[in-house]
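Remarks on the structure that follows.
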Amino acid sequence: MTKTSGTQENGTKRIAVIPGDGAGVDVTAETVKVLEAATAASGRKLELEHFDWSADRYLRDGTTLPEGASKMLVDRFDAILFGALGDPRVKDNRHAADILLGLRFQLDLYVNARPCELLDARLTPLRDRTERDLDFMIFRENTEGLYVNIGGVFKRGTPDEVAVQEQINTRKGVERILRHGYEYARRKKLTRFCMTDKSNALPHGHGLWQRVFAELKTQYPEIESRHLYVDALAAELVRDPSQFQVIVAPNLLGDILSDLGAQLIGGMGVAPSGNIHPGRIGLFEPVHGSAPKIAGKNLANPIGSVLSSAMMLEEIGFPEEAAVIREAVRASVREGKTTTDLGGSMGTREVGDWLADYVARHGVKR
Ligand code: IPM
Ligand code: MN
């Protein structure tokens with residue numbers, strides 16, 4: 001499953017839209033509005049097709065990720081716009097693991113790019129920090145580590161119960177995510193690179209990270225390479241986030257750090273992400289989950305999803321549409337046209353309308 005083949009002759013790109021559950025559905029609807037406004041303004045075309053893979057579908061007919069779904073997506077689409085999964089009726093969240101982790105693994109989306117960029121100084125809970133201090137990228141390894149679901153339970157339900165959860169670290173896997181981080185830094189002329197792990201406690205698995213890192217860093221002499229154990233990195237991110245530009249982390253550590261990063265820039269509602277394998281179809285989703293408590297109430301912040309769609313547009317070669325969408329989001333935050341989590345008084349739909357209208361008014365410069 002290499003090259004995406006969704007692209008049409010006329011340059012139209014095809015997007016698979018998977019809203020999922022709860023707030024995922026709410027925010028994705030607004031992102032679709034904004035995408036439609038951007039392409040209407042630029043004259044380029046996106047063809048969107050919705051898929052109902054969700055808790056509802058799972059509870060209705062037992063389907064999580066349908067048989068052959070990954071191949072179908074690769075064959076027919078250029079990118080995937082994803083909402084969120086998770087539903088209190090599905091206690092073990094089986095559908096979420098099958099669909100989201102299934103797609104990450106089956107499509108080999110080894111880069112989970114989670115930018116932490118402060119849009120407005122008022123949004124950070126850190127004292128005296130401004131936009132200049134908070135702008136870093138977390139590259140989370142996305143196909144190995146503790147997420148591989150290898151393990152088992154012995155003597156289940158007895159006092160002697162044993163649970164084993166293995167983690168996988170491969171030379172190839174570690175090298176490709178570190179290289180991705182370095183190449184990104186080089187391309188963007190960023191000089192501060194930090195690799196994080198917990199090799200002091202996990203000498204085998206994360207020892208491999210250390211060894212691959214030691215080899216790779218010599219190939220990027222213009223970049224200042226630094227290592228921090230993940231606990232120290234968490235502390236430093238709060239004390240002085242301006243030290244960081246590019247962070248590369250193993251899967252679970254990157255998961256945790258990206259929630260910390262999201263809070264530093266204004267909360268879970270604003271953080272975007274892209275699950276990427278360069279040159280192949282990618283999956284773009286807000287970092288937040290399905291937020292059952294606020295789902296369906298016109299309360300969820302659509303910005304994380306809207307910014308994820310901007311990452312998607314860049315990836316599929318629509319950078320001008322991405323730029324105006326980012327500009328719209330910035331303007332909305334600056335002008336207080338936001339949902340209540342950011343101190344505004346608008347609903348999910350009103351923010352979506354405002355952003356779509358901004359994009360329509362400003363147009364797309366190509
Ligand atoms: C995320 C989420 C997922 C993860 C869950 C839903 C499995 O927390 O995308 O960060 O841990 O990767
Ligand atoms: Mn997470």
Side-chain angles (χ1 to χ4, degrees), residues 18-25 27-28 31 53-55 57-58 64-65 79-116 136-151 165-169 173 177 196 198 230 233-234 237 247-277 282-295 300-301 303-305 307-309 311-312:
I18 308 173
D21 301 326
V25 177
V27 298
T28 304
T31 298
W53 309 337
S54 62
R57 172 80 186 272
Y58 175 54
T64 56
L65 185 64
I80 304 164
L81 179 69
F82 196 89
L85 287 171
D87 187 298
R89 294 169 300 169
V90 185
K91 289 286 170 263
D92 58 1
N93 266 316
R94 155 92 207 275
H95 70 301
D98 280 11
I99 299 169
L100 179 58
L101 301 181
L103 289 173
R104 286 180 184 167
F105 283 92
Q106 290 173 25
L107 299 173
D108 199 30
L109 304 175
Y110 67 93
V111 179
N112 195 329
R114 298 190 152 180
C116 297
F136 59 89
M137 174 66 98
I138 298 175
F139 288 118
R140 162 185 176 189
E141 199 294 318
N142 212 28
T143 49
E144 348 190 296
L146 269 160
Y147 276 71
V148 294
N149 193 23
I150 296 178
Q165 191 87 49
E166 295 286 0
Q167 67 166 302
I168 296 290
N169 299 271
I177 188 68
T196 189
K198 192 63 190 169
V230 69
L233 174 56
L237 277 170
I247 295 170
V248 176
N251 207 338
L252 179 66
L253 307 188
D255 175 47
I256 299 165
L257 291 171
S258 57
D259 274 29
L260 169 58
Q263 289 301 343
L264 297 181
I265 59 164
M268 297 310 293
V270 304
S273 79
N275 299 264
I276 294 164
H277 183 135
L283 182 157
F284 300 82
E285 53 168 343
V287 175
H288 67 72
S290 60
K293 288 203 187 101
I294 62 165
N301 189 340
I303 285 181
S305 171
L307 289 173
S308 301
S309 79
M311 292 176 76
M312 176 184 84

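In this chain, numbering begins with 1 at the start of the sequence shown. All ligand and atom numbering here is 1-based and tracks the order in the structure.
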- Query: Any ion pair linking Asp87 and Arg89 (charged N to carboxylate O, less than 4.0 Å)?
  - Reply: yes
Whether the side chain of [X] engages the backbone of [Y] through a donor-acceptor N/O pair (distance < 3.5 Å, no angle test) should be reported.
X      : Y      : answer
Asn301 : Val270 : no
Thr196 : Val230 : yes
Asp21  : Ala55  : yes

- Message: Can you confirm whether some protein heavy atom lies under 4.0 Å from atom 1 (C) of ligand 1, or whether none does?
- Response: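 Yes, there is a protein heavy atom closer to it than 4.0 Å.
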Considering only protein heavy atoms, which is closest to [atom], and at what distance to one decimal place?
atom                    : answer
atom 8 (O) of ligand 1  : Asp255 OD1, 3.4 Å
atom 3 (C) of ligand 1  : Arg104 NH1, 4.2 Å
atom 11 (O) of ligand 1 : Tyr147 OH, 2.5 Å
atom 7 (C) of ligand 1  : Leu101 CD2, 4.2 Å
atom 6 (C) of ligand 1  : Leu100 CD2, 4.4 Å

- Can you tell me if His288 has a non-hydrogen atom under 4.0 Å from ligand 1? no
- Query: Hey, does Met268 sit under 4.0 Å from ligand 1 if you only count heavy atoms?
  - Reply: no
- Task: Mind telling me whether Tyr58 and His95 have parallel, tilted or perpendicular rings, with 30° and 60° as the class edges?
- Result: parallel
- Message: Under a 3.5 Å threshold, yes or no: a donor from one side chain and an acceptor from the other, between Ser309 and Thr31?
- Response: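 Absent: no donor and acceptor within the cut-off.
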- Donor + acceptor pair across side chains of Thr64, Asp98 (<3.5 Å):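 There is such a pair (donor and acceptor under 3.5 Å, judged by atom type) between the side chains of Thr64 and Asp98.
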- Is Asp255 close enough to the Mn ion (ligand 2) to have an N, O or S atom under 2.8 Å?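 Under 2.8 Å: Asp255 contacts the Mn ion (ligand 2) through an N, O or S atom.
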